Amino acid sequence: MDPPLKRVSKACDACKLRKVKCNGQERCQQCTHLGLKCIYSIPTRPRTQGKRGRIITEYKAKTGNAGNVISPILAASPGGSEYGAMFGSGSVGVGTPEGGGSPPRLHYSQAFFLDLLPEYVEAVYPVHPIIPEMELRTYIQAMDTDPEVRSFVYSFGACTLNLTRYGDRRTEEVLRHIETLCNYSIDTMRPVFDSFRCSVMRAMQSVFIHNCLMTMQASDAAFYYMRDAITIIQLLRIDNKETMAPLSPSERARRQRLYWQAFIHERFVAILDYRLAILPPLESLPEDDPTIPLSVHEGFNQIIKLFSLLDTDFLKNWLGNQNPGSVPSSWIELKSRELEGDDEAETSGMALLSTMQRADLAITREWLRTLVWRLAMSQALLSSRSSKTTLSLLFPVRLSQNLRKQVTSMSRDDIEVHGSSIVQKLFEITDTIADVLIHVPAPTLEETALRIDDYLFILDFVLLFPTLDQTRRGILTEKLERLQAMFPEVVSTASSPNIPGGFGDMQSPPNDPWYHITQSKMPELNMMPGPGEMSFDLREGLAPLAPILNPEPAVQSQKAAWNHISRRLSTVNVPH
């Protein structure tokens with residue numbers, strides 16, 4: 001007779017650790033949902049009641065020692081290495097190559113990833129509200145015994161470093177470790193065989209990898225992993241009510257947030273890289289979930305509403321040939337009204353949000369307004385007399401004033417924490433403002449000086465982002481140089497000023513589409529000058545400088561205004 005089997009625990013190891021109900025099946029429901037290895041360990045001693053947090057404390061005591069204790073990840077100190085003390089203490093070490101002539105692999109310990117959790121909760125989870133802290137702790141505990149979990153944890157580490165190391169903390173060493181962790185996650189990702197089981201964890205692994213690759217300017221690879229995440233989401237059938245019905249309310253809401261997360265990423269890439277989007281929106285926002293902070297829930301819903309404006313028609317118009325007449329003016333007006341939003345509802349909701357969430361929403365809204373304005377410009381639908389801000393020829397100038405006020409009220413950290421996506425949005429806005437300054441002159445030099453000052457404030461802010469790629473940096477630098485050439489400093493005497501004679505020196509080449517579009521608008525401006533304003537035409541000269549022909553005080557004033565603009569443009573520092 002076979003010896004009797006030892007009695008196993010009623011709950012699996014993962015459920016016991018998380019203190020959640022386990023159904024005791026061979027592979028319990030909780031582990032199935034989370035993609036965990038379901039193990040029922042044989043108890044070695046009677047179960048005792050412990051204090052809150054005892055499990056994690058015991059785990060640290062079991063896996064850590066004096067050599068493994070590491071300090072929190074802090075900003076690099078002068079002459080030192082941010083990771084030097086950490087890596088030397090054993091949290092990261094050199095491992096044996098896994099395959100004959102491969103370079104040695106770094107070994108990242110559990111302690112290394114546990115130290116990233118506070119920053120993940122503060123900066124990453126609010127914008128990726130899918131994997132909560134306790135679930136991550138479970139994964140980190142299992143990473144040494146489960147290769148799939150370890151592969152995911154690598155991506156978590158890479159993405160957390162990528163979104164929380166900015167400014168002076170984004171050192172070359174940090175960049176190497178982001179790339180190393182990202183590559184480890186890709187290298188250890190399990191191939192899809194016939195036994196493949198999709199999970200939320202696996203989808204978020206691809207989302208995290210996508211985030212890192214976007215920052216690395218590897219747009220094709222980033223697109224691949226975004227589509228990989230979408231494939232997992234489609235296999236989970238999150239858009240199917242019958243499939244979702246048996247899940248708990250919190251798990252159902254979490255999967256809905258995962259779906260919307262992928263929707264947001266794909267729509268952004270569709271605009272940025274002119275790619276097709278395949279994921280349709282869900283019928284509604286994620287269900288209420290009391291297990292996540294209310295501010296996270298509200299902030300995520302607000303960003304979903306904004307990106308939902310990038311609907312099928314918007315993408316069709318953006319990705320199409322944009323020939324004049326292909327986008328109806330009624331559609332432009334509708335999108336403009338939608339972007340104005342409900343001020344009262346937004347104000348009440350914004351009160352719940354952190355400054356980091358507000359920064360994302362504010363810049364995203366201005367970015368979307370810029371996209372609509374550019375579509376209207378391509379269709380020659382703009383008007384200097386339009387009562388709708390987004391349809392005004394000078395909307396980007398007004399935008400620069402508004403954006404400057406908003407940026408001034410935000411900390412740089414609140415903006416940079418959103419990674420490369422926020423940088424791309426700010427680039428699109430800044431680039432559009434530069435085009436208007438170059439091709440649509442102001443009625444007076446004083447007004448020009450104000451516009452230039454607002455623009456340079458935004459330009460200085462954007463150029464300081466280390467994640468701004470060289471191509472976009474070059475575009476902004478080239479347009480700055482064009483503005484500088486338009487305003488050479490006046491060095492002649494006051495009685496005979498040698499200010500350039502007209503906008504003919506400042507106009508764009510005839511093959512510039514912006515030139516032709518703005519030219520089509522100039523007659524309208526000439527026919528309807530506002531009170532006290534001077535009409536102008538790019539082809540007929542610099543009308544705002546007519547006062548130079550007036551007596552001496554007016555000449556001196558114009559010369560001073562011109563030179564102020566010239567000096568202001570020459571003081572811009574372009575980081576390389």
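Because the structure is a prediction, the values reported are computed rather than measured. Excluded from the calculations below are hydrogen atoms, water molecules and symmetry mates; all remaining heavy atoms, backbone and side chain alike, are included.
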Would you say that more than 12 heavy atoms from the other residues, nucleotides or ligands in this model lie under 6.0 Å from the CD of Gln217, or not?
yes
Please check if the side chain of Gln357 supplies one atom and the backbone of Ser295 the other of a donor-acceptor pair under 3.5 Å.
yes
Side chains of Asp414 and Ser411: any donor to acceptor distance under 3.5 Å?
yes
cation_pi(Arg472, Phe427) dist<6.0 Å, angle<=45:
yes
How far apart are the C-alpha atoms of Glu172 and Arg165, what are their side-chain angles, what is the distance that settles it, and do they pass the salt bridge (Lys or Arg N to Asp or Glu O under 4.0 Å) test?
CA-CA 11 Å; Glu172 289 297 326; Arg165 297 302 186 272; over 6 Å; no
Less than 4.0 Å between a side-chain N and a carboxylate O, is that true for Arg365 and Asp360?
no
Can a donor-acceptor pair be found, under 3.5 Å and without considering hydrogens, that links the side chain of Glu148 to the backbone of Met189?
no
Relative to each other, are the rings of Trp367 and Phe307 parallel, tilted or perpendicular (30° and 60° limits)?
tilted
Whether the Thr160 and Glu119 side chains hold a donor-acceptor pair (N or O, under 3.5 Å, no angle test) is what I'd like checked.
no
Does the structure place the NZ or CZ of Arg412 under 6.0 Å from the centre of the six-membered ring of Phe465, at an angle of no more than 45° from the ring's axis?
yes
Within the 3.5 Å criterion, strictly below it, is a donor on Arg170 or Asn162 matched to an acceptor on the partner's side chain?
yes
Please walk me through it: do Arg176 and Glu179 pass salt bridge (Lys or Arg N to Asp or Glu O under 4.0 Å)?
CA-CA 5 Å; Arg176 285 197 299 272; Glu179 184 174 0; over 6 Å; no
Please test Thr291 against Asp289 for side chain to side chain donor-acceptor pair (under 3.5 Å), starting from the C-alpha separation and ending with a verdict.
CA-CA 5 Å; Thr291 67; Asp289 185 355; 2.6 Å; yes
When you check the gap from the basic side-chain N to the acidic O, do Arg227 and Glu266 get nearer than 4.0 Å?
yes
Can you name the one residue among Phe113, Phe152, Tyr125 that meets side chain to side chain contact (heavy atoms under 4.5 Å, CB included) with Leu136?
Phe152
Do Leu117 and Ile140 make a side-chain contact, defined as non-hydrogen atoms from C-beta onward lying under 4.5 Å apart?
yes
Just wondering, do Gln234 and Leu279 contact through their side chains at under 4.5 Å, heavy atoms?
yes
Using only heavy-atom distances, determine whether the side chains of Gln406 and Glu366 contain a donor-acceptor pair under 3.5 Å.
yes
Apply side chain to side chain contact (heavy atoms under 4.5 Å, CB included) to His210 and Leu213, showing your working.
CA-CA 5 Å; His210 163 80; Leu213 291 173; 5.9 Å; no
Do the side-chain N and O atoms of Tyr108 and His177 include a donor-acceptor pair separated by under 3.5 angstrom?
yes
Rounded to the nearest 0.5 angstrom, the CZ-CZ distance for Arg275 and Phe268 is 12.5 Å
Checking the side chain of Ser151 only, and the main-chain atoms of Ser185 only, is there a donor and an acceptor separated by less than 3.5 Å?
yes
Out of Leu310, Asp313, Leu371, Asp311, which one pairs with Lys335 under the side chain to side chain contact (heavy atoms under 4.5 Å, CB included) rule?
Asp311
Between Glu338 and Arg369, is the closest basic N to carboxylate O distance under 4.0 Å?
no
Is it the case that the side chains of Glu428 and Gln424 hold a donor-acceptor pair, with the cut-off being a distance below 3.5 Å and no angle test?
no
Pair Leu315-Arg267, side chain to side chain contact (heavy atoms under 4.5 Å, CB included): steps then yes or no:
CA-CA 8 Å; Leu315 294 183; Arg267 297 290 157 137; 3.6 Å; yes
Determine, for Lys241 against Glu283, whether the closest basic-nitrogen to carboxylate-oxygen distance falls under 4.0 angstrom.
yes
Within 45 degrees of the ring normal and closer than 6.0 Å to the centroid, is that where the cationic atom of Lys305 sits relative to Phe300?
no
Crowding at CZ, Phe196 (>12 non-hydrogen neighbours, <6.0 Å)
yes
